[in-house]
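To find a chain, count down the sequence lines: A is the first, B the second, and so on, and within it residues start at 1. Only a predicted model underlies this, so the values are computations on that prediction, with no experimental measurement involved.
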Amino acid sequence: MQARHSDYAAALEKAHEAYEAWRAARAELDELRHRLKEGSKKMRTVSAEERDTLRARLKELSDAVKAREEEIHALDEARLEALLHVPNIPLPDVQPGDESANEEVRRWGQIPEFDFTPKPHWEIGEHLGIIDFERAARMSGSRFAVLTGAGARLERAIESFMLDLAREHGYTEVSVPHLVRREAMVGTGQLPHLENDTYKTQDDPPYYLIPTAEVTLVNLHRDEILEPGSLPLYYVAATPCYRAEAGSHGRDVRGLIRQHQFRKVELVKVVEPEHSDDELEKLVNNAEEVLRRLKLPYRVLRLAAGDMGFAAAKTYDLEVWVPSEGKYREISSCSTTTDFQARRAKIRYRAKAGEKPRLVHTLNGSGLAVGRTFLAILENYQNSDGTVTVPEALRPYLGGASLITAEGLK
RNA sequence: GGAGGAGUGGCCGAGUGGUCGAAGGCGGCGGUCUUGAAAACCGUUGUGCGUCAGCACCGGGGGUUCGAAUCCCUCCUCCUCCGCCA
């Protein structure tokens, strides 16, 4: 916990105190209830004269129970609330420290050499008439984009390609709601800490717009005890993701990097605890395969504890090469949450019939962020004449076209 | 949106104030029998907390009562009919 941030140590301490207070009060309550229960049983057998005195005595007991219950209720809420602010514990092989302590694990691909100055994707896109930020801004404001013609088709092609590849890797495709209840967001650990970063409707109670399909895919099995032999489960879903991006004003304002709405193909695994380490490596490899097939240069980072998400115990980020910036940018984040989400969402399994249920481990990873893949393709595959070559892997999804020009696909 | 009905253990389903954590059936598991299997029979079979005495949970929350699966309120979900929209 220290490895993440010192504030969390305080959160943990608070949760511990709340728990102890709750437990002590709870024991007393159980005792009171036991006495009340025993007394109530006697009511039926006791004589009429005794009944009134007994009733009076039990009434007092009953009132005492109720008073205690009220206290417990408050203590319980404090305890749960405190617990919700404690993040997951980093696995032992995760480095302490912030972003600067992230470790590069490996690189893949050849960084493209251009005999001209590579343009940023928004210039390429606007020149080709496939990205329109202006019109998007008119209807929706900043951090939105309209994709037209070959742009819209390219986005769809990328997504279909990713879904098909995931299926090849054994994932079951799922079509999920994009609006969820608060409990679902709490179950995966998005809430309460990302409250200001999410969109919600004005209904009462409100719906939350999913910031990632991880929320829906993990909640698929909320409150379930999975049967022996049903694990591992691999799911993939392509959805829009909605993020308010509070606090990111001024960062990546241009282009497709940081949008309020973007499409993403999300991979989720539900696995037995003993396999979660291996499953994470496989998950990362599945995400990497998308980049390899698209021949986009990337590197893999093992994140330091302070740079990981709230629910993650270990995270690998995939970063794709962005020529106009001359650096790698995040395109996927693959994490194991160990039993953190499982505990919140109450997802358990039985290893064998008749055995006690145990918490599962859940993993998630983007496979990949579609908008960022789109941008990476435009930039890495750009030609000096302003056209963009279509990566071979995507051509079957675009009627065999190999080039995006201002006149359309060719 | 309006009117009505219903939510009980893995599933089906009984239970309308106490003896109900909850009949019965199905399924699961173990056993007997069998060369093996089926059938039959017997047993067993929810989850969490716990100081291992106990306590909680019958869709969620609240209330009435000495006592609630059972009565009342409220929310959620599902079903039927009507309306509306596609």
Fill in: Who pairs with B/A14 - Watson-Crick or G-U, where each distance is under 3.5 Å
none
Fill in: Nearest-angstrom distance, P atom, B/U64 to B/A14
31 Å
Discussion item. Once you apply a heavy-atom cut-off of 4.0 Å, does A/P205 come out as touching a base, just sugar-phosphate, or nothing?
Written reply: nothing
Worksheet item: Does A/D339 pair with A/R358 as a salt bridge, N-O distance under 4.0 Å?
Response: no
Practice prompt. Sort out the partner of B/G36 for me: Watson-Crick or G-U wobble, both distances under 3.5 Å, none otherwise.
Written response: none
Worksheet entry | Sugar-phosphate, base or nothing in reach of A/R350, heavy atoms under 4.0 Å | sugar-phosphate
Worksheet item: So what does A/K41 touch, heavy atoms closer than 4.0 Å: a base, only the sugar-phosphate, or nothing?
Response: nothing
Practice prompt. Give the rounded distance in Å between these two atoms: CG of A/L32 and C1' of B/A56.
Written response: 15 Å
Discussion item. By nearest atom, which of the nucleotides B/G18, B/G48, B/U51 is closest to the A/S40 side chain?
Written reply: B/G18
Discussion item. Partner lookup for B/U65, please. Criteria are Watson-Crick or G-U wobble with both distances under 3.5 angstrom; report none if nothing qualifies.
Written reply: none
Worksheet entry | Value in whole Å for how far the P atom of B/A56 lies from CZ of A/R68 | 16 Å
Worksheet item: Has A/R23 got a side-chain N or O lying under 4.0 Å from the OP1 or OP2 atom of B/U51?
Response: yes
Fill in: Span that lies between the P atom of B/G21 and that of B/G28, in whole angstrom
29 Å
Fill in: A/D63 with A/K59: basic N within carboxylate O range, under 4.0 Å
yes
Worksheet item: Has A/H34 got a side-chain N or O lying under 4.0 Å from the OP1 or OP2 atom of B/C55?
Response: yes
Fill in: Rounded P spacing from B/G7 to B/C52 in Å
40 Å
Discussion item. Base, sugar-phosphate or nothing for A/R55? Non-hydrogen atoms, less than 4.0 Å.
Written reply: base
Worksheet, complete the sentence: Partner of A/Y298 under side chain to side chain contact (heavy atoms under 4.5 Å, CB included), picked from A/V300, A/L294, A/L296, is A/V300
Practice prompt. Could you work out which one of B/G67, B/U47, B/C49 sits closest to the side chain of A/I225?
Written response: B/U47
Discussion item. Does a side-chain N or O of A/S62 approach OP1 or OP2 of B/U65 to a distance below 4.0 Å, or not?
Written reply: no
Fill in: Euclidean distance, atom CD of residue A/E31 to atom P of B/A53 [Å, nearest integer]
14 Å
Worksheet item: Parallel, tilted or perpendicular for A/H260 and A/Y199, by the 30°/60° rule?
Response: perpendicular
Discussion item. By nearest atom, which of the nucleotides B/G48, B/U51, B/C66 is closest to the A/A27 side chain?
Written reply: B/U51
Discussion item. Rounding to an integer number of angstrom, what distance separates B/G24 and B/U65 when you compare their P atoms?
Written reply: 35 Å
Discussion item. I need the single residue from A/R182, A/M185, A/Q190 that forms a side chain to side chain contact (heavy atoms under 4.5 Å, CB included) with A/E195. Which is it?
Written reply: A/R182
Worksheet item: Considering only side-chain heavy atoms of A/W22, which listed nucleotide, B/C49, B/U47, B/G18, is closest?
Response: B/C49
Worksheet entry | Salt-bridge present (A/E159, A/R263; N to O < 4.0 Å) | yes
Discussion item. Do the side chains of A/K14 and A/E17 get close enough for a salt bridge, i.e. N-O under 4.0 angstrom?
Written reply: no
Worksheet item: For B/A23, which nucleotide in any strand shown is its Watson-Crick or wobble partner with both distances under 3.5 Å?
Response: none
Worksheet item: Taking atom P in both B/C81 and B/G60, what distance in whole Å separates the two?
Response: 29 Å
Practice prompt. Give the rounded distance in Å between these two atoms: CG of A/L226 and P of B/U47.
Written response: 14 Å
Worksheet entry | salt_bridge(A/K264, A/E266) N-O dist < 4.0 Å | yes
Practice prompt. Determine the Euclidean distance between corresponding P atoms of B/C20 and B/A69; express it in Å to zero decimal places.
Written response: 12 Å
Discussion item. Parallel, tilted or perpendicular: which one describes the rings of A/Y171 and A/Y234, with boundaries at 30° and 60°?
Written reply: tilted
Item to complete: Report which part of the nucleic acid A/K346 touches: base, sugar-phosphate, or nothing (heavy-atom distance under 4.0 Å, all strands).
Response: nothing
Worksheet item: Under a 4.0 Å N-O cut-off, is there an ion pair linking A/K66 with A/E69?
Response: no
Response to the item:
Winner on side-chain proximity to A/K356, out of B/C55, B/U47, B/C66, is B/U47
Discussion item. Under 4.0 Å, heavy atoms only, any strand: does A/L36 hit a base, just the sugar-phosphate, or nothing?
Written reply: sugar-phosphate
Fill in: For B/U77, the Watson-Crick or wobble counterpart (both distances under 3.5 Å)
B/A6
Worksheet item: How far does the C1' atom of B/A86 sit from the matching atom of B/U80, given to the nearest Å?
Response: 22 Å
Worksheet item: Near RNA chain B, which residues from residues 70-82 of chain A have a heavy atom under 4.0 Å away?
Response: A/H73
Worksheet item: Distance between the P atoms of B/G83 and B/C76, in whole angstroms?
Response: 25 Å
Discussion item. Heavy atoms from C-beta onward define the side chain here; which of B/C55, B/G67, B/U77 lies closest to that of A/D30?
Written reply: B/C55
Discussion item. Students often mix this up, so state it plainly: with edges at 30° and 60°, are the rings of A/H193 and A/F310 parallel, tilted or perpendicular?
Written reply: parallel
Fill in: Rounded interatomic separation in angstrom, taking CZ from A/R222 and P from B/G60
13 Å
Fill in: Earlier contact from the 5' end, RNA chain B, for A/K37 and A/P357
A/P357
Worksheet item: Which is true for A/R57 with a 4.0 Å heavy-atom rule: it touches a base, it touches only sugar-phosphate, or it touches nothing?
Response: nothing
Discussion item. Nearest whole Å is fine: how far is B/U47 P from A/E227 CD?
Written reply: 11 Å
Worksheet item: Considering Watson-Crick and G-U wobble pairs with both distances under 3.5 Å, what does B/C55 pair with?
Response: B/G48
Worksheet entry | Options B/C76, B/G67, B/U47, nucleotide nearest the side-chain atoms of A/R181 | B/C76
Discussion item. If I take atom CZ in residue A/R348 and atom P in nucleotide B/G46, what distance separates them, rounded to the nearest angstrom?
Written reply: 14 Å
Worksheet item: Under a 90° cut-off about 0 for the syn range, is B/A53 syn or anti?
Response: syn
Worksheet item: Paired with B/G83 by Watson-Crick or G-U wobble geometry, both distances under 3.5 Å: which nucleotide is it?
Response: none
